[in-house]
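What follows is one structure encoded as structure tokens, with my remarks underneath.
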Number of protein chains: 2
Amino acid sequence: MSGKRRSTQNAMRERAAIFAALGDETRLAVLVKLGDRQPHSISRLTAGTRMSRQAVTKHLRVLARAGIVRNVHLGRENLFKLETPPIESARDYLTDVSRQWDDTLARLKAHLEK
Amino acid sequence: MSGKRRSTQNAMRERAAIFAALGDETRLAVLVKLGDRQPHSISRLTAGTRMSRQAVTKHLRVLARAGIVRNVHLGRENLFKLETPPIESARDYLTDVSRQWDDTLARLKAHLEK
DNA sequence: CCGAACAGCAACCAGTTGGTTGCCTTTTAT
DNA sequence: ATAAAAGGCAACCAACTGGTTGCTGTTCGG
């Protein structure tokens with residue numbers, strides 16, 4: 001059915017968005033800072049960065065759109081924290097791509113040994 | 001030492017390049033086609049793509065520069081095949097990021113904050 | 001209450017990306 | 001020997017990205 005095809009294409013697009021979000025050095029640096037699982041304010045994430053606060057804000061928005069990060073407003077601060085599920089999904093996808101051939105072989109073998 | 005810091009930054013840049021290369025829907029589609037571990041010619045990869053051959057060529061070059069794909073000229077054909085090590089390295093990095101505060105991250109953070 | 005800290009919005013800019021088309025070279029097949 | 005298949009190269013284009021600056025609004029601390 002074409003419904004299935006569309007859903008896989010959507011999944012594809014989401015994955016591409018996740019990888020694209022990860023495909024920037026400064027965003028990876030932000031993720032490393034968020035790796036302590038604590039919410040960080042934008043100013044905090046900007047400190048020591050040689051970049052403007054707005055630049056960091058834009059990067060955070062990219063990460064948020066990809067679902068890699070989630071934000072919560074607390075008082076005058078906007079706190080961001082790491083969201084692991086999409087990252088894990090992307091990781092699983094990479095395993096699939098690099099193992100496709102092996103999987104096919106394994107399935108074949110299992111079928112033959114039945 | 002700042003030599004170590006530079007090396008982690010280089011690793012960072014390489015990873016960003018890999019993720020950036022993966023961050024495009026049509027490139028992911030190419031990778032899926034290459035998932036059978038067999039070398040494919042550019043024309044073959046273009047077939048059924050609604051895209052021009054040159055567009056596919058550009059995408060392949062992006063993947064090649066990231067080390068995800070390797071090409072070999074055979075006669076008049078240019079054959080591309082999947083190269084798994086960088087993909088696996090990227091996957092491992094994602095596991096590190098999503099894992100709770102493991103020591104790889106701790107070391108990375110220490111170096112970046114120095 | 002008032003200044004400073006935190007942040008959003010908009011405009012703008014240069015460089016990169018993703019794609020096209022046109023033309024040329026090399027290799028294969030008949 | 002020659003036409004078709006495979007692909008490289010260059011120019012060009014629109015759209016997106018990553019970054020800046022300037023200004024405004026809100027919330028906290030003294």
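These values consider heavy atoms only, across backbone and side chains, with no hydrogens, waters or symmetry-generated copies. Per chain, numbering begins at 1; letters A, B, ... match sequence-line order.
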Point to revise | Under the side-chain hydrogen bond (donor to acceptor under 3.5 Å, both in side chains) test, residues paired with A:Ser43 that sit two or more places apart | key: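 For A:Ser43 there are no side-chain hydrogen bond (donor to acceptor under 3.5 Å, both in side chains) partners, ignoring immediate neighbours.
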Tabulate below the donor-acceptor pairs under 3.5 Å that side-chain atoms of residues 11-19 of chain A make, not counting sequence neighbours, or state none.
none

Interatomic distance, [X] atom [atom1] to [Y] atom [atom2] [nearest 0.5 angstrom]:
| X | Y | atom1 | atom2 | answer |
| --- | --- | --- | --- | --- |
| B:Arg91 | A:Asp96 | CZ | CG | 10.5 Å |
| B:Phe80 | B:Leu45 | CZ | CG | 8.0 Å |
| A:Leu94 | B:Ser89 | CG | OG | 10.0 Å |

Only pairs under 3.5 Å count here: list side-chain donor-acceptor contacts from residues 52-64 of chain B, not counting sequence neighbours, and write none if there are none.
{"from": "B:Ser52", "atom 1": "OG", "to": "B:Ala55", "atom 2": "N", "distance (Å)": "3.2"}
{"from": "B:Thr57", "atom 1": "OG1", "to": "B:Arg53", "atom 2": "O", "distance (Å)": "2.9"}
{"from": "B:His59", "atom 1": "ND1", "to": "B:Arg27", "atom 2": "NH1", "distance (Å)": "3.1"}
{"from": "B:His59", "atom 1": "NE2", "to": "B:Thr26", "atom 2": "OG1", "distance (Å)": "3.1"}

Point to revise | Members besides B:Val72 in its Ile/Leu/Val/Met/Phe/Trp/Tyr cluster (side-chain heavy atoms under 4.5 Å) | key: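 Besides B:Val72, the cluster holds no residue at all.
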Check your understanding: Taking the hydrophobic residues Ile, Leu, Val, Met, Phe, Trp and Tyr, and joining any pair whose side-chain heavy atoms are under 4.5 Å apart, which ones share a cluster with A:Leu79?
Key ->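 Reading the cluster by chain and number, A:Leu79 sits alongside A:Leu74.
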**Study point:** Most 5' of A:Ser41 and B:Ala55 on DNA chain C, judged by nearest nucleotide
**Key:**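 In this pair, the answer is A:Ser41.
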**Study point:** Phosphate OP1/OP2 of C:dC6: any A:Asn78 side-chain N/O under 4.0 Å
**Key:**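 Result: no.
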Exercise for review: State whether A:Ser52 places a side-chain N or O below 4.0 Å from either non-bridging phosphate oxygen (OP1 or OP2) of D:dG19.
Suggested key: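 Checking D:dG19 against A:Ser52, no side-chain N or O comes under 4.0 Å of OP1 or OP2.
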Pairs under 3.5 Å (N/O, protein and nucleotides 22-30 of chain C):
{"from": "C:dG22", "atom 1": "O6", "to": "B:Gln54", "atom 2": "NE2", "distance (Å)": "3.2"}

Could you check how far [atom1] of [X] sits from [atom2] of [N], rounded to whole Å?
| X | N | atom1 | atom2 | value |
| --- | --- | --- | --- | --- |
| A:Ile42 | D:dT26 | CD1 | P | 17 Å |
| B:Glu25 | C:dT17 | CD | P | 18 Å |
| B:Phe80 | D:dA6 | CZ | P | 15 Å |
| B:Arg44 | D:dG7 | CZ | P | 11 Å |

Excluding sequence neighbours, so at least two apart, what forms side-chain contact (heavy atoms from CB on, under 4.5 Å) with [X]?
| X | value |
| --- | --- |
| A:Arg44 | A:His40, A:Ser41 |
| A:Arg70 | A:Lys81, A:Glu83 |
| B:Asp92 | B:Thr95 |

Practice item. Compute the angle between the rotation axes at the two ends of the helix from C:dC1-D:dG30 to C:dT30-D:dA1, each taken over five pairs, rounded to 10 degrees. Key: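 Taking five pairs per end, the axes differ by 30°.
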Review point. For nucleotides 11-18 of chain D, read 5' to 3', which letter fits each nucleotide if B means a protein heavy atom sits under 4.0 Å from the base, S means only the sugar-phosphate is that close, and - means neither?
Key: -------S
Review point. What nucleotide, of D:dG8, D:dG7, C:dA7, holds the atom closest to the side chain of B:Ser43?
Key: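 Between D:dG8, D:dG7, C:dA7, the one nearest the side chain of B:Ser43 would be D:dG7.
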